[in-house]
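Accompanying notes for the structure given below.
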Amino acid sequence: MPELPEVESARAVIERKGLRRRIVDVDDSDSYVCRPHAPGEIRHALLGGVLIAAMRRGKSMWCQTDPSSGDITLGIHLGMSGKIVIADANGTEVDGGDYWEGRRQPGDYRWARFTLTFADGGRLMLVDPRRLGRVRLNPPVEQLGPDAQLITPAQFRAVLAAGSSAPVKARIMDQRRIAGIGNLLADEILWRARIHPARAVSSLTAGEQGRLLRATRDTIRAALRDGGVHTLTIIPYRRPGGTCPRDHAPMRTAAVDGRTSWWCSAEQLLVPGAADGQHNVK
DNA sequence: ACACGTGTTATGCG
DNA sequence: TCGCATAACACGTG
């Protein structure tokens with residue numbers, strides 16, 4: 001489910017199948033997903049218009065509308081379980097992106113929380129069982145940090161600016177500082193960089209910072225190429241009894257930044273040089 | 001039955 | 001005001 005690679009896939013769905021089509025109906029009646037708008041507000045803003053571009057920064061997407069709609073953007077966030085789906089007039093699912101999504105079958109729209117209907121009867125839907133996704137007008141995307149896929153070395157150094165005792169995992173998941181990294185990407189990035197998730201940002205050496213940037217880039221590139229975060233190397237080993245696919249040491253787990261975290265007990269040490277045995281065995 | 005969770009945000013504290 | 005930790009949000013899944 002959605003981290004940067006999945007959101008990019010969803011953005012591409014909109015770009016392929018959702019642009020330049022006249023919007024003749026809008027279902028924005030789910031007031032939780034469409035908060036803080038009142039039901040009908042988004043509908044009123046979009047009715048009769050068309051989407052002309054689909055943009056993304058981190059895990060946030062937004063669509064530009066034609067100028068006659070008044071420079072409005074339609075923001076979509078997938079939350080924990082959201083997915084963008086395009087159906088044709090018959091209800092057949094035409095495009096839902098190319099990443100793994102669990103058991104939901106194409107054509108199952110039971111959890112459609114927001115729908116645009118186009119003039120030809122086709123539909124663009126946000127399908128989201130848990131309803132933690134969001135749809136809103138003019139989202140404040142400028143509050144996000146640079147996109148994790150495009151971040152420059154100088155920008156990445158700023159993300160790791162000294163003087164913080166925060167865990168490095170919390171820092172790279174802070175969307176205001178760098179946008180797009182979620183729990184699974186973070187675990188894979190830190191595993192590739194051989195850095196313990198709870199290490200304080202201020203304790204990282206220059207060498208570790210360099211490894212972190214490289215791992216961030218390599219991880220995101222691989223996930224985009226291979227079909228989402230579920231294709232990452234360590235995913236099958238994030239389980240009780242899992243062993244590190246590099247050195248076969250036991251994988252360790254604990255909550256870091258309030259999120260379930262997994263790391264290699266031999267290569268990712270909290271205290272340099274010390275064995276990890278006393279820490280965080282769940 | 002009940003705990004868990006791949007995301008965000010309000011709230012409280014120093 | 002800032003950084004950080006925690007709970008809450010909604011609901012399907014194991």
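Per chain, numbering begins at 1; letters A, B, ... match sequence-line order.
A donor-acceptor contact closer than 3.5 angstrom is absent between the side chains of Glu6(A) and Ser9(A). Arg56(A) and Gln149(A) form a side-chain donor-acceptor contact under 3.5 Å, judged by distance and modelled atom types alone. Using modelled atom types and a 3.5 Å distance limit, the side chains of Asn90(A) and Thr92(A) yield no donor-acceptor pair.
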(request) Would you mind building the protein contact string for nucleotides 1-7 of chain C? One character per nucleotide, 5' to 3', B for base within reach (heavy atoms under 4.0 Å), S for sugar-phosphate only, - for untouched. (result) --SSS--
(request) For nucleotides 9-14 of chain B, just jot down a letter per nucleotide in 5' to 3' order: B, S or -, based on protein non-hydrogen atoms under 4.0 Å. (result) ------
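Within a 6.0 Å sphere centred on CZ of Arg35(A), other residues, nucleotides and ligands contribute more than 12 heavy atoms. Counting heavy-atom neighbours within 6.0 Å of Arg176(A) CZ, excluding the residue itself, gives a total of 12 or less.
In summary, Arg57(A) and Asp147(A) do not engage in a salt bridge, as defined by a charged side-chain N under 4.0 Å from a carboxylate O. A salt bridge between Asp187(A) and Arg238(A) is present, with a side-chain N of the basic residue lying under 4.0 Å from a carboxylate O of the acidic one.
The side-chain tip of Arg246(A) points at the ring of Trp191(A) from less than 6.0 angstrom away and within 45° of straight on.
Listed by chain and residue number, Asp218(A) satisfy the salt bridge (charged side-chain N to carboxylate O under 4.0 Å, His left out) test with Arg221(A) (two or more places apart in sequence, or in another chain). In this structure Glu15(A) satisfies the salt bridge (charged side-chain N to carboxylate O under 4.0 Å, His left out) test together with Arg11(A), sequence neighbours excluded.
Residue-to-nucleotide contacts include no donor-acceptor pair under 3.5 Å from the side chain of Arg259(A) to the base of dG5(B).
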(request) Begin with the C-alpha distance, continue with both residues' side-chain angles, and end with the deciding distance and a verdict on salt bridge (charged side-chain N to carboxylate O under 4.0 Å, His left out) for Arg259(A) and Asp257(A). (result) CA-CA 5 Å; Arg259(A) 318 290 302 182; Asp257(A) 190 33; over 6 Å; no
Expected rows: protein N/O vs nucleotides 10-14 of chain C N/O, under 3.5 Å:
residue: dA10(C); atom: O4'; partner: Arg130(A); partner atom: O; Å: 3.4
residue: dA10(C); atom: O3'; partner: Arg131(A); partner atom: NH1; Å: 3.1
residue: dA10(C); atom: N1; partner: Arg130(A); partner atom: NE; Å: 3.4
residue: dA10(C); atom: N1; partner: Arg130(A); partner atom: NH2; Å: 2.5
residue: dA10(C); atom: N3; partner: Arg130(A); partner atom: NE; Å: 3.4
residue: dC11(C); atom: OP1; partner: Arg131(A); partner atom: NE; Å: 3.4
residue: dC11(C); atom: OP1; partner: Arg131(A); partner atom: NH1; Å: 2.6
residue: dG12(C); atom: OP1; partner: Trp111(A); partner atom: NE1; Å: 3.4

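Partner of Thr65(A) under the side-chain contact (heavy atoms from CB on, under 4.5 Å) criterion, out of Leu46(A), Leu137(A), Ile23(A): Leu46(A) alone.
Annotation: dC4(C) and dT6(B) have their C1' atoms spaced 23 Å apart (nearest Å). dG12(C) and dT9(B) are spaced 23 Å apart, taking the P atom of each and rounding to whole Å.
The distance between atom CG of Leu78(A) and atom C1' of dT8(B), rounded to the nearest whole Å, is 13 Å. At whole-Å resolution of the value, NE2 in His77(A) and C1' in dC9(C) are 14 Å apart. In this structure, Met61(A) atom CE and dT8(B) atom P are separated by 12 Å, rounded to whole Å. Counting to the nearest Å, the P atom of dT6(B) and the CH2 atom of Trp262(A) are 11 Å from each other. Atom CD1 of Ile235(A) and atom P of dT6(B) are 9 Å apart (whole Å). Protein atom CG of Asn183(A) is 13 Å distant from nucleotide atom C1' of dT8(B), rounded to whole Å.
A side-chain donor-acceptor contact under 3.5 Å links Asp66(A) to the backbone of Val50(A). Remark: side-chain polar atoms of Ser60(A) are not paired, donor with acceptor, to backbone N or O of Val141(A) under 3.5 angstrom.
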(request) With pairs defined as Watson-Crick or G-U wobble and both distances under 3.5 angstrom, please note down DNA chain C as a dot-bracket string, | for pairing with another strand. (result) .||||||||.||||
